[in-house]
Every structure is written in structure tokens, then in C-alpha cells.
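Take a look at the structure below.
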Amino acid sequence: MRAQSLFVPAALALVQSGLADRQRPLASLHPSTISQPPHHAVVGDDASAAITPTYRDSLLSLHKSLVSIESITGNENEVGRWLIDYLVGRGYTAELQFVAPGDGGKERFNVVAWPGDETRRRNGKAARAEPKVVLTSHIDVVPPHIPYSISDHGDDITSHTMISGRGSVDAKASVAAIITAVDDLLLAGTDASIGDDLMLLFVVDEEVAGAGMRAFSDSLTRMDPPPRPFSAVIFGEPTEGKLACGHKGALFCDITARGVPGHSGYPWLGKSANELMVRALARVLDADLGTSDLFGNTTVNVGLFEGGVAGNVIPEKAFVKIGVRVAIGPQKDGARVVEKKIQRILDDVDDEAFTFECSQGYGSVECNCDVPDFDTITVNYGTDVPNLAGNHTRYLYGPGDILVAHGARENLTVGVLEQAVEGYKKLILHALDHA
């Protein structure tokens, strides 16, 4: 381990730099030229049309290393340390930004990095990086760990070769593609100042509470003097290689119903908490909790239902956990609107029986999808986009399909991963061009 520093309001500690001597000052590339960079042809999922990109081996090696390291939320330390070493070895300046431990109590940290530059050295310390564009994704994954595998069977790897394993899509594919895209732009000799304008941020805890991104966001507010505001942030998540116009908001709530226990043969002498809960949930599920043209309907998932003690006992207590995907905005208040609608339904069923408690939610989240040559999409899952405060332009993009991301068959093809590298390169140059 070469680096043990903390991203704090004081001057950041320099770990290592040196990409400056690797950059070759050639003509600046415009985003429209990235679809056919001079050193390789367009990549894709059609093996007959694609020519192997020069970065394939390094991309697949990086992706394999990341996926092979188990990093279920709360246990991100090992993959974070490996990533720091990898980035430093490639000439990046890298930082550890410690984040409060999760339930397991293990030390964990965000990885903050930027292309190295010897001119940042001042009196033996690093000048603070002030990027225009930040590229970010998360290094934690959902359980259980699924080992890395690749379907080459000893044959040559093609764009159709399948890669599987936990995190192979969500979101270590984005991490690997982002790093490869930045490396490729630097090595292609894109505008020499590009290294000064980019920062990489790989966070922990995205799959649970967003503690990693919140820690980074909070650190910016404590800096003295305050940093230059970011012009744009590119968030890496599985969007099927399309540019997301945004995603639904989220609200997670606990509902408790209390009744009067008794013998099931005399239900009129008691009050069934389960019956109250069932009636209330039916109305919640059927209600219009908010719709929008962009995001569709607000939906409710009854994720946990507990109630009663036996079939012949009127249940005294019922408990439910629900997850709401909020289709209405604004981001700050949309979830509160939905919460009030659900509260009114519970009160209408029984204004004394229910206790209703929700976590701090958020309304629908809009991102910029007005970029040439990208198909667009909206998604229903949550991301770290709302956890980073600021007025920056927000882009949401990445390889893979969310429908396999948390399942037993999480996978994507080599071609999809390579397409993402090209997509990120386009987005980086577009964001810098509009900074």
C-alpha cells in the first residue's frame, strides 16, 4: 500500500504523479471524433464489424481484478486498497477519504484520484485539485459474492465473450470503463490540459445509504477556501449504454398497525392488526401516488410483512416495510408529497391504529441527456446523483443492464464494456467542451 492520506479541507497529500511525461501534445479531439479514434476502430457487440481496441487487454484485466475482490457493502477496504495501488502505479495522484464504518465496523474509504502533475507540488505537498469534470461510480456491491468468470473456454476473446460475477455490471464495469477512458484520452494526446480538468471518485456504500458520496459532498463544504464548483459530474451506473435523462426518487417507510388480540372465533370482540394492514396496503397499492410524463407512475413494493402469532389468535400487531419509487418532483420535496398521500390513506382506514415512519427520501432526479449520438433512457433505481450537492450538470451513463445487476446471473459482454469506454470518452469531451 503506497498511500494512506485523508481527503480533508486542508491541503491534500500528494501520493504520486507523473502522467505529464506520458502525454503527447497532439491536436485536441472534439467529441464528434471520438466515435472513430485514430488508434483503433469503433468497438461494439458485433464481432464481425468490430476491430479489437488497443486497450482491450488492460480493460479486461482491470475489470477482472475489481470483480474478483469481494466488496459487499461494509467490506470495501480490500478493493479500495487494490484500486489505490493500481491508480498510483499508472501515475495518478490518489487519496483515501475515510468514511464511517458500516455495520461490520471495518475501515473503509472513498478513492479520490486525478492524473498526476509535478507542477502541483508545492513545498513538498500537493496543491489541491480543482477539476471541471468529475467521473464517479461505486466500488461496493450487493450480496452474495459471485466469483468472476469469463466464457472464453480457451478460445480467442471477442466482443461476444460473456463476463459474469458480482459487480461485473453494477458497478465495477463502470469503474473499469471510466479509468480506461481517461487513460485512453491521455495517451491519445488529447488537449494537454485535460489532466488538470478531470477527477476520479470511487465511493463506498452506494448500495445501502450513500454514506460515501455524502462524505465526499460534505467535505467540499468544509474546505477553506471553498473549491471551484464542478462544471459536470458523470455518474457511472448500468444504463444499457444509454444516456439517462434521470431516475425515480425513493422513499422507504415502516408501517405498524396495532389491534386488540382475542380468540379467532370471535373476531368482532377483537381488532385484527393484520386485517387493518391488508386493507390499508390494498388502498396504497391502488392509489395514484403521483405520475409524470418522464418517469411514469409512482410504485410501491411491500418488501416485508410480519404479523400475528397463530392462526387462531386475532393479531395484535402487524409490521410492514415498503419501498416507494417516486415518479414526481421536485427532487427535494417529491417524496414528502407521496408520504403525505400514504398517511392520509392510513388515517382514512383507521386514524388511531397506524404508526408511519419514513426515512429521508427524495423526489425524481433529472439528469442531462442532451448529448449528440446517445440513445436515452429513464431508470427506476436509485443512485448517488442526489447525494452530491451542487449546481453541476449531471450525466448518468454506464454499461450493462440493471435487470441482471442484483441477480444470480449478473453479466455483460466484452463488447458492451468496450462500448462504454467509447461512451465515457464522448461524455468527457462533451462535458469539458461545455464547461
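Below, all heavy atoms of this structure are taken into account, side chains as well, without hydrogens, waters or symmetry copies.
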#### Entry: side-chain contact (heavy atoms from CB on, under 4.5 Å) between V326 and K248, intermediate numbers included
CA-CA 5 Å; V326 181; K248 287 184 177 181; 5.7 Å; no
So [Y] and [X], do their side chains get closer than 4.5 Å, heavy atoms only?
X    : Y    : result
E207 : V141 : no
L200 : T136 : no
T393 : V233 : no
D384 : V203 : yes
L185 : I428 : yes
R258 : F354 : no
V133 : D197 : no
F230 : P131 : yes

On a heavy-atom basis, which atom in [X] and which in [Y] lie closest, and how many Å separate them?
X    : Y    : result
Q97  : G212 : OE1-O, 4.5 Å
E237 : D170 : OE1-OD1, 3.2 Å
P267 : I314 : CA-CD1, 3.7 Å
Y148 : I163 : CE1-CG2, 3.4 Å
T298 : A327 : OG1-N, 3.0 Å
V416 : G400 : CG1-N, 3.7 Å

With distance as the sole test, does [X] use its side chain to make a donor-acceptor pair with the main-chain N or O of [Y] at under 3.5 Å?
X    : Y    : value
R166 : P147 : no
R108 : A100 : yes
D433 : A431 : no
Y92  : Y86  : no
E422 : A420 : no
S61  : S58  : no
T376 : L243 : no
T161 : V414 : no
N297 : T299 : no
E107 : F109 : no

### Task
For side-chain contact (heavy atoms from CB on, under 4.5 Å), just list the numbers for T239 and L396, CA-CA rounded to whole Å, side-chain angles, deciding distance to a tenth of an Å, and then say yes or no.
CA-CA 8 Å; T239 64; L396 180 60; 4.1 Å; yes
Hydrogens and angles aside, do [X] and [Y] bring a side-chain donor and acceptor to less than 3.5 Å of each other?
X    : Y    : value
S71  : K172 : yes
E206 : H138 : yes
S364 : Q331 : no
T73  : D140 : yes
Y424 : S174 : yes

### Task
Any chance you could lay out the side-chain contact (heavy atoms from CB on, under 4.5 Å) test for L429 and I194, step after step, and finish with the verdict?
CA-CA 9 Å; L429 294 181; I194 191 171; 4.2 Å; yes
### Task
Going by the salt bridge (charged side-chain N to carboxylate O under 4.0 Å, His left out) test, name the single residue among D183, D373, D184 that passes it with K425.
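That would be D184; it is the only one of D183, D373, D184 passing the salt bridge (charged side-chain N to carboxylate O under 4.0 Å, His left out) with K425.
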### Task
Please test K271 against D350 for salt bridge (Lys or Arg N to Asp or Glu O under 4.0 Å), starting from the C-alpha separation and ending with a verdict.
CA-CA 11 Å; K271 187 176 183 179; D350 190 310; 2.7 Å; yes
May I ask you to check whether over 12 heavy atoms, not counting those of [X], lie within 6.0 Å of atom [atom1]?
X    : atom1 : answer
R279 : CZ    : no
K64  : NZ    : no
E366 : CD    : no

Separation of [Y] [atom2] from [X] [atom1] (nearest 0.5 Å):
X    : Y    : atom1 : atom2 : value
E306 : N274 : CD    : CG    : 11.0 Å
I234 : N368 : CD1   : CG    : 10.5 Å
I51  : S159 : CD1   : OG    : 12.0 Å
K321 : E357 : NZ    : CD    : 9.5 Å
I178 : L198 : CD1   : CG    : 11.0 Å
M162 : T413 : CE    : OG1   : 6.5 Å

#### Entry: Ring geometry between H247 and Y362 (parallel below 30°, tilted from 30 to 60°, perpendicular above 60°)
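Perpendicular.
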### Query
Between F374 and Y397, does the ring centre distance come in under 6.0 Å?
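Here the rings of Y397 and F374 have centres that are less than 6.0 Å from each other.
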### Message
Show, in sequence, the C-alpha distance, side-chain angles and deciding distance for V99 and N110, and conclude whether the side-chain contact (heavy atoms from CB on, under 4.5 Å) test is met.
### Response
CA-CA 7 Å; V99 178; N110 296 331; 3.7 Å; yes
#### Entry: Presence of salt bridge, D205 and R214, under 4.0 angstrom
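A salt bridge is absent here (no side-chain N lies under 4.0 Å from a carboxylate O).
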### Query
Going through the distances and angles, do C245 and C367 end up as a disulfide (SG to SG under 2.5 Å)?
CA-CA 5 Å; C245 299; C367 297; over 6 Å; no
### Evaluation steps, ring pair (Phe, Tyr, Trp, His ring centres under 6.0 Å), between F319 and F305
CA-CA 6 Å; F319 176 76; F305 194 134; 9.5 Å; no
